[in-house]
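Just so you know, these numbers use all the heavy atoms, side chains as well, and skip hydrogens, waters and symmetry mates.
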Amino acid sequence: VDKQNAEVTRPLEKNVDLDWIEYRSAEIGKATVLQWGNLSCCLKIMFLLSMMLELSAAHLFYWRGSVCFGAFEVTDNIDNLKATGEGGFLQPLALI
């Protein structure tokens with residue numbers, strides 16, 4: 001097996017394109033790695049706060065959707081739809 005190892009592992013001309021694709025993917029992967037430890041403290045705090053805000057908004061929309069959205073039936077006339085204001089589809093809390 002050791003005698004044939006060099007012959008078996010030698011790159012073939014017909015696989016040059018595949019080798020290039022693998023090499024390019026590996027280089028792009030190395031260049032685009034963003035690690036948590038390399039971020040500054042300000043970016044970490046901003047990321048965590050924005051994540052918490054997004055989760056809070058999603059929970060608010062799911063659990064208390066009636067506070068954020070008004071009533072509009074599928075069969076209602078679209079000309080009568082108001083986006084905001086009194087009787088509008090979007091309530092003030094949804095606009096925040």
Side-chain angles (χ1 to χ4, degrees):
V1 175
D2 288 334
K3 294 177 184 177
Q4 296 176 350
N5 187 31
E7 186 177 327
V8 172
T9 58
R10 179 176 44 94
L12 299 175
E13 280 188 45
K14 66 180 183 179
N15 294 338
V16 169
D17 292 334
L18 295 175
D19 290 337
W20 170 249
I21 291 171
E22 288 177 5
Y23 171 77
R24 187 182 67 179
S25 296
E27 290 298 313
I28 290 173
K30 283 192 260 182
T32 58
V33 172
L34 183 63
Q35 295 179 348
W36 184 257
N38 294 341
L39 295 177
S40 69
C41 186
C42 293
L43 285 176
K44 288 179 186 179
I45 290 171
M46 195 170 19
F47 174 75
L48 290 173
L49 289 176
S50 61
M51 181 180 60
M52 289 173 59
L53 180 66
E54 183 178 349
L55 285 172
S56 299
H59 280 293
L60 179 69
F61 286 170
Y62 183 76
W63 294 108
R64 301 288 295 169
S66 61
V67 175
C68 299
F69 304 106
F72 183 77
E73 300 293 327
V74 176
T75 56
D76 288 349
N77 187 356
I78 194 75
D79 295 329
N80 298 335
L81 176 65
K82 285 178 54 179
T84 59
E86 185 66 33
F89 181 68
L90 295 173
Q91 300 300 318
L93 189 57
L95 298 174
I96 296 175

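For the side-chain contact (heavy atoms from CB on, under 4.5 Å) test with His59, the passing option among Trp63, Phe61, Tyr62 is Trp63; the others fail.
Remark: Leu43 pairs with Leu39, Ser40, Met46 by the side-chain contact (heavy atoms from CB on, under 4.5 Å) rule, at least two apart or across chains.
Criterion: ILVMFWY side-chain heavy atoms under 4.5 Å apart, direct or through other members. Under it, Leu48 and Leu55 are part of a common hydrophobic cluster. Follow the hydrophobic side-chain contacts under 4.5 Å out from Leu34 and you never reach Ile45; the two are in separate clusters. Trp36 and Met51 fall within a single hydrophobic cluster, where Ile, Leu, Val, Met, Phe, Trp and Tyr side chains are chained together by heavy-atom contacts under 4.5 Å.
Looking at Arg24 and Glu27, no side-chain N of the basic residue comes within less than 4.0 Å of a carboxylate O on the acidic one, giving no salt bridge.
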